[in-house]
Amino acid sequence: MAEPFHIVRIVSDERGETHFSDMVRLPLDSDTRFSFSFATRKDHKGRLLFRQTPADYDFTWHNAPERQLIVCLDADVEVTVSDGERRVIRAGEIFSVEDVTGRGHISRAVDGKTRRSLFIPY
């Protein structure tokens with residue numbers, strides 16, 4: 001089982017003062033779409049998905065299930081597209097996957113690091 005995502009909350013009280021609240025823990029369960037990873041159930045009205053992929057993943061050709069932005073939170077990912085171009089998306093960078101049809105793309109772990117990502121459909 002993967003460690004849950006921790007989210008620190010800032011909240012307002014009835015007098016308008018702001019405070020830190022206890023962290024929200026978003027548990028990660030076995031991913032229903034990809035057996036090699038862990039993910040939250042879609043959260044925030046079904047619009048956000050947090051995913052953890054293992055340090056050794058090498059996911060062959062696949063399509064995005066829908067157009068989505070992917071935010072690499074803490075590790076890089078190598079992505080290869082069908083024309084043969086290969087790029088490394090760095091931790092902290094955002095990429096848009098829009099290949100919902102066609103041959104798709106390949107995703108691989110970089111430097112043997114587990115990657116935690118945020119998926120935002122649009």
Side-chain angles (χ1 to χ4, degrees):
M1 185 57 99
E3 285 291 316
F5 274 80
H6 301 281
I7 300 174
V8 176
R9 295 176 64 209
I10 297 176
V11 298
S12 297
D13 65 21
E14 60 281 348
R15 296 174 307 197
E17 296 295 327
T18 56
H19 309 276
F20 286 106
S21 177
D22 293 330
M23 287 189 298
V24 174
R25 293 176 175 259
L26 296 176
L28 296 173
D29 299 316
S30 293
D31 194 333
T32 57
R33 180 166 154 78
F34 304 113
S35 61
F36 60 81
S37 66
F38 294 93
T40 58
R41 290 183 225 66
K42 282 197 176 179
D43 199 33
H44 301 284
K45 299 181 182 170
R47 301 307 302 162
L48 299 179
L49 176 77
F50 294 87
R51 175 173 284 142
Q52 178 175 306
T53 50
D56 62 350
Y57 87 97
D58 185 353
F59 192 30
T60 190
W61 295 106
H62 64 285
N63 295 92
E66 59 190 326
R67 286 174 27 136
Q68 54 194 346
L69 296 173
I70 302 175
V71 183
C72 296
L73 297 173
D74 59 0
D76 304 343
V77 60
E78 179 186 279
V79 179
T80 304
V81 294
S82 65
D83 69 6
E85 185 176 356
R86 181 178 302 172
R87 292 189 184 185
V88 174
I89 312 301
R90 303 284 178 203
E93 292 184 335
I94 301 168
F95 63 109
S96 175
V97 291
E98 303 174 27
D99 57 341
V100 296
T101 62
R103 190 163 174 205
H105 60 277
I106 296 172
S107 303
R108 290 188 183 96
V110 175
D111 296 329
K113 293 182 180 177
T114 298
R115 181 173 61 101
R116 292 163 69 94
S117 305
L118 170 62
F119 291 70
I120 309 165
Y122 69 97

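For the single chain, residues carry numbers from 1 onward in sequence order.
- Here the closest non-hydrogen pair linking T18 and S12 is CG2-OG, 3.7 Å.
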Does the side-chain contact (heavy atoms from CB on, under 4.5 Å) test come out yes or no for D58 and I106, once each step is laid out?
CA-CA 8 Å; D58 185 353; I106 296 172; 4.2 Å; yes
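- Side chain of N63 to main chain of T101: a donor-acceptor pair is present (N/O by atom type, distance under 3.5 Å, no hydrogens or angles).
- The same ILVMFWY cluster, assembled from side-chain heavy atoms under 4.5 Å apart, contains both V71 and F50.
- Legend: ring-ring contact (aromatic ring centres under 6.0 Å, His included) pairs involving residues 66-97, not counting sequence neighbours: none detected.
- For the residue pair R90 and C72, the shortest heavy atom distance occurs at O-CB, 3.7 Å.
- One hydrophobic cluster holds both L118 and L69 under the rule that ILVMFWY side chains link at heavy-atom gaps under 4.5 Å.
- Rounding to the nearest 0.5 Å gives a distance of 6.5 Å between CZ of R115 and CD1 of I70.
- Here the rule is side chain to side chain donor-acceptor pair (under 3.5 Å) with Y122, and of E98, Q68, E66 only E98 fits it.
- The ring-ring contact (aromatic ring centres under 6.0 Å, His included) analysis of residues 66-89, with sequence neighbours excluded, yields no pairs.
- Linking Ile, Leu, Val, Met, Phe, Trp and Tyr residues whenever their side-chain heavy atoms come within less than 4.5 Å leaves F59 and V110 in two separate clusters.
- D13 contributes atom CG, which lies 4.5 Å from atom CZ of R15 (distance to the nearest 0.5 angstrom).
- Annotation for R51 and L49: closest pair NH2-CD2, 3.5 Å, computed over non-hydrogen atoms.
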Derivation and outcome, side-chain contact (heavy atoms from CB on, under 4.5 Å), residues S117 and L73
CA-CA 5 Å; S117 305; L73 297 173; 5.5 Å; no
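- Contact between A109 and A55 at its shortest, heavy atoms only, is CB-O, 3.1 Å.
- Side-chain atoms of D76 never come within 3.5 Å of backbone atoms of V88 as a donor-acceptor pair (strictly under, hydrogens ignored).
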Identify all side-chain donor-acceptor contacts of residues 77-84 below 3.5 Å with residues at least two apart in sequence or on another chain.
{"from": "E78", "atom 1": "OE2", "to": "R108", "atom 2": "NH1", "distance (Å)": "3.2"}
{"from": "T80", "atom 1": "OG1", "to": "R86", "atom 2": "NE", "distance (Å)": "3.3"}
{"from": "D83", "atom 1": "OD1", "to": "E85", "atom 2": "N", "distance (Å)": "2.9"}

